[in-house]
Number of protein chains: 2
Amino acid sequence: MHDALSQTFAALADPTRRAILSRLSKGEASVTDVARPFLRDMSLPAVTKHLKVLERSGLITKTRQAQWRPCKINAQGLRGAADWIEDYRRFWEESFDRLEAYLKTVTAKPAMKGRKRGKPKQAQ
Amino acid sequence: MHDALSQTFAALADPTRRAILSRLSKGEASVTDVARPFLRDMSLPAVTKHLKVLERSGLITKTRQAQWRPCKINAQGLRGAADWIEDYRRFWEESFDRLEAYLKTVTAKPAMKGRKRGKPKQAQ
DNA sequence: TTTATATATAACCATATAGTTAAATAACCA
DNA sequence: TGGTTATTTAACTATATGGTTATATATAAA
């Protein structure tokens with residue numbers, strides 16, 4: 001699974017990493033500062049690894065400042081994911097019922113060929 | 001990682017599963033129909049597993065109709081993910097610069113205590 | 001009852017993920 | 001130089017993931 005979108009979603013599929021992004025959305029922070037709230041639950045190298053996942057997926061960037069590596073959010077990396085999900089928004093918004101009815105008229109042609117024995121038709 | 005949001009993002013972190021959702025957004029379909037486009041690349045049980053992941057994460061539901069299990073999208077399951085990402089939208093929209101400036105005035109108080117030797121300050 | 005279709009499960013394998021501890025590297029300070 | 005702080009890397013472990021093939025189950029059809 002190497003595509004960018006999969007990497008983004010995979011990066012978001014961890015509460016620690018989402019918390020890190022939330023923290024960084026309030027401003028840059030060093031690795032130690034990012035790690036502080038998690039050190040009761042995991043070691044510093046564990047946080048370093050999470051940061052690496054976020055960096056690889058383009059959701060944060062790291063710069064250098066003396067012996068510190070300030071981390072900065074790059075929420076642009078969320079655009080792809082946001083756009084993807086956006087395509088499904090209509091499914092949970094109020095116009096859903098009317099839209100579903102419309103879709104049923106649009107997708108009425110059977111997409112399943114070679115059907116022989118009363119197979120269930122798709123949305124009609 | 002058991003929380004709902006993590007499960008949703010994890011389910012989305014696979015191109016096959018996203019393609020399945022895309023297919024189901026156009027209407028209900030049986031397991032075989034859902035699987036058809038993927039059978040050059042993987043076996044039917046592999047698709048069954050993907051469907052199970054989508055089902056566990058609440059993104060689809062399966063019903064029964066004779067020997068078929070029509071699958072139906074439940075994009076409501078995307079709401080949580082959409083809402084989470086939405087909080088970061090401001091980071092990639094045009095008002096970003098002005099907003100960042102505003103945030104800097106808001107988050108000016110140092111969140112890093114015990115600092116001794118010219119540690120980098122956070123967004124100020 | 002037998003056969004065919006649709007789907008699920010079992011057992012297995014390879015790789016990825018998320019954590020650990022210990023050691024290495026890098027920059028600053030005295 | 002030597003010591004301290006910040007961060008990364010290495011080596012390892014346990015579990016999860018995504019795939020396989022073979023088998024089982026359920027319903028329908030002949």
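Side-chain atoms are counted along with the backbone in the values below, which use heavy atoms only and exclude waters and symmetry mates.
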Ignoring hydrogens and geometry, is there a side-chain-to-backbone donor-acceptor pair from [X] to [Y] under 3.5 Å?
| X | Y | answer |
| --- | --- | --- |
| B:Ser6 | B:His2 | no |
| A:Gln65 | A:Pro70 | no |
| B:Arg17 | B:Ala11 | yes |

| query | Per the side chain to side chain contact (heavy atoms under 4.5 Å, CB included) rule, which among B:Asn74, B:Leu21, B:Val34 passes with B:Ile60? | reply | B:Leu21

Under-4.0 Å side-chain N/O to phosphate OP1/OP2 contact, [X] with [N]:
| X | N | result |
| --- | --- | --- |
| A:His50 | C:dT17 | no |
| B:Arg17 | D:dG18 | yes |
| A:Ser43 | C:dG19 | no |
| A:Arg64 | D:dA6 | no |

Find the distance [X]:[atom1] to [N]:[atom2] and express it as a whole number of Å.
| X | N | atom1 | atom2 | value |
| --- | --- | --- | --- | --- |
| A:Leu44 | C:dA18 | CG | P | 17 Å |
| B:Phe38 | D:dG18 | CZ | P | 14 Å |
| A:Ile20 | C:dA18 | CD1 | C1' | 13 Å |
| A:Asp14 | D:dT17 | CG | P | 12 Å |

| request: May I ask you to say whether A:Arg90 pairs ionically with A:Glu93, meaning some side-chain N is under 4.0 Å from a carboxylate O? | output: no

| said: I'd like to know if B:Arg18 and A:Asp87 make a salt bridge, using a cut-off of under 4.0 Å between side-chain N and carboxylate O. | reply: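 Salt bridge: no.
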
| In terms of side-chain heavy atoms of A:Met42, which of D:dT20, C:dT20, D:dT9 is nearest? |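 Of the candidates, C:dT20 comes closest.
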
| request: Name all residues meeting the ring-ring contact (aromatic ring centres under 6.0 Å, His included) criterion together with A:Tyr88; count only those two or more places apart in sequence or in a different chain, and write none if there are none. | output: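 Counting only residues at least two positions away or on another chain, A:Tyr88 forms a ring-ring contact (aromatic ring centres under 6.0 Å, His included) with A:Trp84.
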
Polar atom pairs (N or O), protein with nucleotides 12-16 of chain D, under 3.5 Å:
none

| note | On DNA chain C, more 5' by nearest nucleotide between A:Gln67 and A:Pro45 is A:Pro45

| query | Quick one: on DNA chain C, does A:Ala46 or A:Ala66 contact a more 5' nucleotide (nearest heavy atom)? | reply |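 It is A:Ala46 whose nearest nucleotide is closer to the 5' end.
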
| field | Base-pairing mate for C:dT5 - Watson-Crick or G-U, with both contacts under 3.5 Å | value |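 Pairing partner: D:dA26.
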
